[in-house]
Amino acid sequence: MSSPTAPRISRTKTDTVAEAPVPLNDVKRQYETLGEQINAAIRRVAASGRYVFGPCTAAFEGAFADYCGTRHCVGLANGTDALEIALRAVGCGPGDDVVTTPNSGMYATAAILAAGARPVLADIEPQQMTMAPASLAAVLGTRVKAVIVTHLYGRLADMDRISAVTRGTRIALIEDCAQAHGAERGNRKAGSFGAIGCFSFYPTKNLGALGDGGAIVTNDHGLAEAARELAQYGWRSKYRAVRPGGRNSRLDEIQAAVLTLKLAHLDGWNAKRRDIVRRYSAALGAAAMLLPKSGDDAAHLCVLRSKNRAELREHLARDGIENEVHYPIPDHRQPALQSVFAGAPALPHAERAADEVLTIPCFPELTDGEVERVCESLARFSERERQR
Ligand SMILES: *Cc1c(COP(=O)(O)O)cnc(C)c1O
């Protein structure tokens, strides 16, 4: 209540306190919601004296295999290791070609090169932005031993049509699920469609550790064993190396304990991500910007497309909304890879996507108010676009 003696507060435009920006991601908020449980899990591991190869890793591997609907899970140090170990497990090495897409952040290409194989690029579906089955069919040659399909932004690639292309061949289908934990189609989860599914638990992923982590999942006992051997110096038994290409790559006990705890929340968090995408979608109306289908994907990133991306970025920045491009440089245009892809055919859909995609904030701990601010900003931009 105002009283005559209360000091007069003048509210002019310049007095308005600038609101904090809406962050693209803020992993600290997830720690804050689970803080005590996470602290307790870390203390238990620390006090146990088992820091690697202990019960927490075994428990997480079991729980994550169950979650993905696969028989086996092998914990690894990170997602890039998972891709490389998957390639080596299916027998890829020097002299082999592996097909992947150029718009997926270069992770698969890096793993293919690390395994000693040659990356071959297929183009993407223009809207869905995952591997185009027809383009895969066009690049399949006799040297192709595997295909890495990335479920980009949390959207499941068209695994039915992609499997149809490789059916009857000995080509191994490897899924890069680092952005698609829990994405599901017809009751099948990402990672359960191909020979091996590869995951990263990098902190910003849908299921994120407090540091690095990764895993492969598979229904094939032989591939799971091969991955375990490759992740431990090629040993089949202690100090007896039977498998070439081995090294050390492990998920540690603290990360496994944290991941087991977080796994129970994954479906709820994914539902929140999809809900945020739905709200953005409604705010955009019929704007010519494409949002992920909000059905059953994991909505890892909310990616818009605009021919006026530079303007859109400026508009969002003025409204204090962080944004980022995933990814600005297609693999075949990376300066470090010029010799690898010399003479590669044009990949028009991937090249166009690199110029148009824009990621806006989408993570489960965004507040209602923050989502609303993004919605208002998007609505203003799309109104302006309509009036052009
Ligand atoms: C994050 C990511 C990776 C790599 O995972 P790291 O754990 O960082 O090695 C691989 N593929 C995709 C699609 C990713 O998003």
Side-chain angles (χ1 to χ4, degrees), residues 24-25 27 60 64 73-88 98-115 119 121-122 124 128-131 146-157 159 162 173-183 189-191 193-194 196-217 227 230-231 247-252 255-256 258-259 262 266 270 273 292 297-303 324-331 334 350 353-354 357 359 362-363:
L24 201 61
N25 207 327
V27 290
F60 174 70
F64 197 61
C73 169
V74 179
L76 299 167
N78 58 64
T80 311
D81 275 10
L83 290 166
E84 185 192 336
I85 286 172
L87 287 168
R88 290 181 186 273
V98 180
V99 183
T100 191
T101 39
N103 65 328
S104 322
M106 230 195 90
Y107 308 104
T109 294
I112 295 164
L113 292 169
L121 299 174
I124 55 170
Q128 172 77 0
M129 292 190 272
T130 51
M131 184 179 282
V147 176
I148 298 181
V149 182
T150 303
H151 301 306
L152 192 69
Y153 311 143
R155 308 168 187 189
L156 281 178
M159 294 308 290
I162 289 169
L173 268 188
I174 296 171
E175 299 173 67
D176 182 348
C177 310
Q179 303 188 356
H181 315 68
K189 287 230 162 63
F193 295 90
I196 302 188
C198 302
F199 288 87
S200 164
F201 306 118
Y202 183 80
T204 57
K205 308 295 190 192
N206 291 42
L207 181 62
L210 300 186
D212 276 314
I216 61 107
V217 298
L230 287 162
R247 60 22 204 291
N248 140 27
S249 182
R250 38 177 101 102
L251 183 67
D252 68 66
Q255 299 305 344
V258 169
L259 289 170
K262 288 191 175 190
L266 178 57
N270 282 353
R273 287 172 184 271
D297 75 41
H300 172 62
L301 296 177
C302 181
V303 175
E324 182 60 275
V325 174
H326 295 100
Y327 298 91
I329 308 176
D331 293 11
Q334 291 287 0
V357 290
T359 304
C362 181
F363 60 99

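This is a predicted model, so every value here is computed, not measured. Order of listing sets the numbers, starting from 1, for every ligand and every atom in it.
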Look at the aromatic rings of F64 and F199 and report parallel, tilted or perpendicular, splitting at 30° and 60°.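 Plane angle over 60°, so perpendicular.
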
For Y202, which residues count as a side chain to side chain contact (heavy atoms under 4.5 Å, CB included) partner, sequence neighbours excluded?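 S200, T204, K205, D212.
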
Show me the short polar-atom pairs for ligand 1: any N or O of it lying under 3.5 Å from a protein N or O, with distances only.
residue, atom, partner, partner atom, Å
ligand 1, 5 (O), S200, OG, 3.2
ligand 1, 7 (O), G79, N, 2.8
ligand 1, 7 (O), S200, OG, 2.7
ligand 1, 9 (O), G79, N, 3.3
ligand 1, 9 (O), T80, N, 2.9
ligand 1, 9 (O), T80, OG1, 2.6
ligand 1, 11 (N), D176, OD1, 3.3
ligand 1, 11 (N), D176, OD2, 2.7
ligand 1, 15 (O), Q179, NE2, 2.9
ligand 1, 15 (O), K205, NZ, 2.7

Examine the side chains of H151 and Q179 and answer whether a donor and an acceptor come within less than 3.5 Å of each other.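 No, Q179 and H151 have no side-chain donor paired with an acceptor closer than 3.5 Å.
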
Sidechain N-carboxylate O distance under 4.0 Å for E84, R247: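 So E84 pairs with R247 through a salt bridge.
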
Has the side chain of S104 got a donor or acceptor atom that lies under 3.5 Å from a matching backbone atom of T150?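 Such a contact is absent between S104 side chain and T150 backbone.
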
Quick check against the 3.5 Å criterion: does N270 have a side-chain atom that pairs as donor or acceptor with the backbone of H181? yes

